[in-house]
Every structure is written in structure tokens, then in C-alpha cells.
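Working notes, structure below.
Not measured: the values here are computed from a predicted model.
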Amino acid sequence: MNLRRFFVAVFAIFIFAIVWNGLVHMVLLKEASLALEKVARPAAERSMALGLLLTFGVAALFVYSYASFVRTPGIKRALGHGVFFAAIAGLLVDLNQFFLYPVPSSLAAAWFLFGFIEFCVYGVLVSWLYPIAAQPAAPGDAPQAARPSI
């Protein structure tokens, strides 16, 4: 793993995530978020440091998993990786929030849509900032022709 490229990609995704989530939650979904004030933790009790650390952690996991598991270079694979992460986040966060709390379905759907776009952009960024070379199949892997292409 190239640590310099790794941290450049993580930092770029981290910065994008902060800007994107600020735009989405503080501007585009501001009114919808006001409906959650009764069930949300008050702003004064939220830890900015923890929020930034969590965002950095997601960026690092995204780049690490891309560098470790994507073997075929290209934007299609990187976007596929972003879609995979979006599906995981959508299930673990958005659908779970909708299940647990009185969140309007339209808000959960908006969270999912904006998250989907966000993780697709992560894929574009990582394919550009952490280009990978085509790697030979590991012993025991299915033949290349048998792998689904994304």
C-alpha cells in the first residue's frame, strides 16, 4: 500500500464529506432536520471532535477497502465500490434510523439518495487519487471470465 497516496485520498474524501454533509444537512435538508429536534441530542451536547473522527474513519475505511480489495482498475470498479458502501450505509444508518425513530419516510429516502451520491463521489475520488494497477488473480480465485463486471 502506498501510504502517501492513501492519506491524500483519505484527506480528499474527508474534506469532501465535510463540505457535502454541511450542504446536505445544514442547507438542503435543514427544514426536515428541524422535525427531529425533539428526538435528537441537543447541538450543545454533540461532540464536534467525535463527528470529525467518525468522518475520517469512514474515509479511511473506504480508501483502505478499495486499495485492498479492488483488483481491476477503472472508474466502473470504483463506482461499484461506492455503490456497495452506499448500500451498507443506507441499510445500517438510514433504514435503521427510520425503523427506530419517528423519521418521515421522505427524509430517510433523502438521506439515502444523498448518501448514495456521496459514496459514488468517493469512488470517483479514490479512482483518481489512488489508482491501482491490474493485479493477477490470487490462487483459488474464480477465472476472470467468471467474475461479474461492474
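- Looking at heavy atoms from C-beta onward, Trp20 lies in side-chain contact with Ile117 at the 4.5 angstrom threshold.
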Inset, instruction - Assess whether ring pair (Phe, Tyr, Trp, His ring centres under 6.0 Å) is satisfied between Phe62 and His81, documenting all intermediate values. - result: CA-CA 8 Å; Phe62 188 90; His81 190 67; 4.8 Å; yes

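- Under a hydrophobic-cluster definition in which Ile, Leu, Val, Met, Phe, Trp and Tyr are linked whenever side-chain heavy atoms come within less than 4.5 Å, directly or via other members, Phe16 and Phe14 are assigned to the same cluster.
- Between Gly115 and Ala86, the shortest heavy-atom contact is O-CB, 4.3 Å.
- Atom CD1 in Ile132 sits 13.0 Å away from atom CG in Asn2 (nearest 0.5 Å).
- Heavy-atom minimum distance, Ala59 versus Val10: CB-O, 3.7 Å.
- Expressed to the nearest 0.5 Å, how far OG1 of Thr55 lies from CD1 of Ile13 amounts to 12.0 Å.
- In this structure, the side chains of Ser65 and Phe84 stay at 4.5 Å or more apart for every pair of heavy atoms.
- In the hydrophobic clustering of this structure, Leu53 does not group with Leu61; members are Ile, Leu, Val, Met, Phe, Trp, Tyr whose side-chain heavy atoms approach within less than 4.5 Å, directly or through other members.
- Shown here is Glu31, whose CD atom has no more than 12 heavy atoms of other residues, nucleotides or ligands within 6.0 Å.
- Side-chain contact between Phe99 and Leu95: absent, with no pair of heavy atoms (C-beta onward) separated by less than 4.5 Å.
- Not counting sequence neighbours, Phe6 has no partner by the ring-ring contact (aromatic ring centres under 6.0 Å, His included) test.
- Hydrophobic clustering (ILVMFWY, side-chain heavy atoms < 4.5 Å, transitive): Leu23 and Leu52 are in one cluster.
- Transitive grouping of hydrophobic side chains (ILVMFWY, heavy atoms separated by less than 4.5 Å) keeps Tyr66 and Phe69 in distinct clusters.
- Within 6.0 Å of CE on Met48 lie no more than 12 heavy atoms contributed by other residues, nucleotides or ligands.
- A chain of hydrophobic side-chain contacts below 4.5 Å, direct or via other Ile, Leu, Val, Met, Phe, Trp or Tyr residues, connects Ile15 to Leu125.
- Each of Phe114, Tyr122, Phe116 was evaluated against Glu118; a single residue qualifies, Tyr122, per the side-chain contact (heavy atoms from CB on, under 4.5 Å) test.
- Atom CZ of Phe85 is separated from atom SG of Cys120 by 12.5 Å, given to the nearest 0.5 angstrom.
- Side-chain contact between Val58 and Phe119: present, with at least one pair of heavy atoms (C-beta onward) separated by less than 4.5 Å.
- Residues Arg5 and Pro131 form a side-chain contact, since some pair of their non-hydrogen atoms from C-beta on lies under 4.5 Å apart.
- Using a 4.5 Å cut-off on side-chain heavy atoms (C-beta onward), Ser127 and Lys76 make no contact.
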